[in-house]
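So the structure is just underneath, and the comments pick up after that.
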Amino acid sequence: MIDEWPGASTVGRFDPETGVQFVICLDSILNGPAAGGTRATHYADRASAIEDAQRLAGAMTLKMAVCGLPMGGGKSVISLPVPREQLTSREWERILAIHAENIEMLGGNYWTGPDVNTTSADMDVLAGKTRYVFGRSEAAGGVGSSAPTTALGVHSAMRATAAHLGWGTLDGRTVLIQGVGAVGADLASRVADDGARVIVADPSPARLAEAERRGYAVVSTSDVLTTPCDVFAPCALGGIIDSSVAATLPAHAVVGAANNPLADATASQVLADRGVVFAPDFVANAGGALHLVGREVLGWGAEEVDARAAGLGKIIKAAYDLADRERIPTDAAARFIAAGRSAVPA
Ligand code: NAI
Ligand code: PHE
């Protein structure tokens with residue numbers, strides 16, 4: 001839990017039957033209802049679950065603002081007593097039913113969507129019990145997975161970073177992708193098409209087998225932060241780069257999809273001091289929000305959404321230029337840009 005968290009509201013509920021702690025955080029509703037995905041995972045304790053939800057909701061506010069989307073930031077965390085794969089389908093359905101009830105009680109101030117360990121199929125289930133759901137499957141009338149658009153945006157951010165570093169393109173560069181799930185796998189094929197050498201790490205044997213079939217190199221998940229590369233792309237979970245990792249990470253740039261990859265307040269300054277370029281995550285990974293909110297709220301077509309996701313590199317470039325000019329870390333620069341596009345203070 002963050003002391004003196006400045007967000008709008010944190011709602012919690014414990015269900016004794018399933019042993020699940022539910023948390024929904026509304027960081028801001030100044031620009032519109034708070035929106036952000038539902039994350040289902042195990043946390044050490046209730047305070048860690050709340051802190052994660054609060055930090056993730058804050059990132060969503062910035063993401064919506066920087067893209068000019070008419071939503072605030074929110075996030076839900078379903079803190080599971082056991083790993084997701086150990087739940088029976090009956091237990092999971094009961095958990096989703098309670099989550100839907102919690103969302104419905106917020107009366108439209110919070111809209112959810114898919115996030116880590118929740119899918120479009122889960123959104124279809126939630127949508128049976130609450131209206132406030134983005135990202136249902138196409139069969140159920142939604143716009144389906146946001147991962148391809150997210151990968152498109154991260155790719156655009158990576159290309160902008162290559163240009164900023166004076167490389168021109170990613171051709172011949174080494175890109176290390178941590179996590180080749182829905183976004184990471186798509187990103188890998190995009191950067192491979194650009195001529196980059198791709199290295200991946202993932203605990204899933206099936207995902208690694210597929211990566212090897214595509215000709216990517218593989219490193220163990222424990223070697224990710226010590227393997228030299230040109231671009232490190234965190235596409236698994238957040239909180240992986242603290243100040244000590246930032247001081248040693250053998251990369252020239254960090255550009256990925258994971259929300260909140262920086263674990264503490266000084267990591268971005270440490271990276272900047274070493275000349276390691278950090279693409280602010282809430283800009284680089286905003287393609288998913290553009291897909292869900294753009295298509296389902298604003299009525300944009302797929303082409304419009306893709307054009308905007310492909311344009312995220314321009315916002316990244318603006319953040320790099322502002323950071324250079326003002327001698328501030330790139331994520332601070334991106335916060336200023338977000339503040340200039342919304343009612344939310346930096
Ligand atoms: P996913 O669940 O499909 O993929 C995550 C991958 O990371 C899996 O293959 C998993 O095995 C792997 N992984 C887990 N722990 C790992 C570790 N220690 N080292 C290496 N790999 C590990 O998730 P998805 O949709 O690809 O999202 C990836 C990240 O991007 C998440 O943090 C998510 O919040 C963020 N994100 C996703 C968006 C989307 O549209 N899907 C939008 C914005 C952010
Ligand atoms: N969870 C994704 C993200 O972090 C996608 C999402 C965007 C879900 C907006 C709901 C609302 O961006």
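For reference, positions follow the sequence shown, starting with 1. Counting convention: from 1, in listed order, for ligands and their atoms alike.
Of the options Arg90, Gln86, Glu91, a side-chain hydrogen bond (donor to acceptor under 3.5 Å, both in side chains) to Thr88 is made by Glu91 and by none of the others.
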Practice task
Report the C-alpha distance between Asp306 and Leu152 in whole Å, list the side-chain angles of each, state the deciding distance to 0.1 Å, and finish with yes or no for side chain to side chain contact (heavy atoms under 4.5 Å, CB included).
Solution key: CA-CA 8 Å; Asp306 283 0; Leu152 173 61; 3.8 Å; yes
Problem - Stepwise side-chain hydrogen bond (donor to acceptor under 3.5 Å, both in side chains) check, Arg84 with Asn117 - result: CA-CA 7 Å; Arg84 167 72 184 86; Asn117 281 335; 5.9 Å; no
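For atom 28 (C) of ligand 1, the closest heavy atom belonging to the protein is Cys235 O, 3.3 Å. At the shortest separation from atom 4 (O) of ligand 1 among protein heavy atoms lies Gly181 CA, 3.2 Å. Of the protein's non-hydrogen atoms, Val183 CG2, 4.1 Å is the one closest to atom 37 (C) of ligand 1. In terms of protein heavy-atom proximity, atom 2 (O) of ligand 1 is nearest to Arg207 NH1, 4.7 Å. Here the protein heavy atom with the shortest distance to atom 43 (C) of ligand 1 is Asn285 O, 3.5 Å. Regarding atom 6 (C) of ligand 2, its nearest protein heavy-atom neighbour is Leu292 CD1, 3.5 Å.
Compare Gly135, Ala182, Ala211 by their heavy atoms: the one nearest to atom 1 (P) of ligand 1 is in Ala182. Counting only non-hydrogen atoms, the option in Val116, Thr150, Val200, Asp115 that gets closest to atom 42 (C) of ligand 1 is Thr150. Among Ala257, Pro114, Ala286, Gly113, the residue whose heavy atom sits closest to atom 5 (C) of ligand 2 is Pro114. Atom 10 (C) of ligand 1 has its nearest heavy-atom neighbour, among Asp281, Val180, Asp202, in Asp202.
Distance alone, capped at 3.5 Å, is enough to place a donor-acceptor pair between the Thr118 side chain and the Thr38 backbone. Between the side chain of Thr266 and the backbone N or O of Gln269, no donor-acceptor pair lies under 3.5 Å. Asn260 contributes no side-chain N or O that, together with a main-chain N or O of Gly238, makes up a donor-acceptor pair within less than 3.5 Å.
Look at Glu304 and Arg295 and you find no salt bridge, because none of the NZ, NE, NH1 or NH2 atoms lies under 4.0 Å from a carboxylate O. Arg213 and Glu210 are joined by a salt bridge, as a carboxylate oxygen and a charged side-chain nitrogen come within less than 4.0 angstrom of each other. The pair Asp321-Arg325 does not meet the salt-bridge criterion, since no charged nitrogen lies less than 4.0 angstrom from a carboxylate oxygen.
The contact set between ligand 1 and Ala201, taken as ligand atoms under 4.0 Å from a residue heavy atom, comprises 20 (C), 21 (N). Those atoms of ligand 2 with a heavy atom of Gly37 less than 4.0 angstrom away are 8 (C), 10 (C). Each of the following atoms of ligand 2 lies closer than 4.0 Å to a heavy atom of Lys75: 1 (N), 4 (O). Against a heavy-atom cut-off of under 4.0 Å, Gln178 is close to the following atoms of ligand 1: 19 (N), 20 (C). With ligand atoms numbered from 1 in the order given, ligand 1 contributes 39 (C), 40 (O) to contacts under 4.0 Å with heavy atoms of Ser146. If you number the atoms of ligand 1 from 1 as listed, the ones under 4.0 Å from a heavy atom of Ala236 come out as 7 (O), 13 (N), 16 (C), 21 (N), 22 (C), 28 (C), 29 (C), 31 (C), 32 (O). Heavy-atom contacts of Ala257 reach the following atoms of ligand 1: 30 (O), 35 (C), 36 (N), 44 (C) (cutoff under 4.0 Å). Close approach of ligand 1 to Thr221 (heavy-atom distance below 4.0 Å) involves ligand atoms 19 (N), 20 (C).
At least one heavy atom of Arg39 lies less than 4.0 angstrom from ligand 1. At least one heavy atom of Met60 sits less than 4.0 Å from an atom of ligand 2. Contact between Met64 and ligand 2 is present, with at least one heavy atom of the residue lying under 4.0 Å from the ligand.
More than 12 heavy atoms of other residues, nucleotides or ligands sit less than 6.0 Å from atom CZ of Arg274.
The nearest protein heavy atom to atom 26 (O) of ligand 1 is closer than 4.0 Å. Counting protein heavy atoms under 4.0 angstrom from atom 23 (O) of ligand 1 gives zero.
Under the 30°/60° scheme for interplanar angles, the aromatic rings of Phe134 and Trp111 are found to lie parallel.
No side-chain heavy atom of Ser79 sits less than 4.5 Å from a side-chain heavy atom of Asp52. Using a 4.5 Å heavy-atom threshold, the side chains of Val231 and Trp167 count as touching. With contacts defined as side-chain heavy-atom distances shorter than 4.5 Å, the pair Ile98/Val20 does not qualify.
For Lys63, a nitrogen or oxygen atom sits less than 3.5 Å from a nitrogen or oxygen atom of ligand 2, counting backbone and side chain alike. Considering both main-chain and side-chain atoms, Pro203 never comes within under 3.5 Å of ligand 1 through any nitrogen or oxygen pair. Taking only nitrogen or oxygen atoms, main chain and side chain alike, Asn259 reaches within less than 3.5 Å of ligand 2. Residue Asp115 has at least one N or O atom closer than 3.5 Å to an N or O atom of ligand 2.
Neither the backbone nor the side chain of Thr150 has a heavy atom within less than 4.0 Å of ligand 2.
Put simply, CZ on Arg39 and CG on Leu237 are 6.0 Å apart, with the number rounded to the nearest 0.5 Å. In this structure, CD on Glu51 lies 10.0 Å from CG on Leu56, to the nearest 0.5 angstrom.
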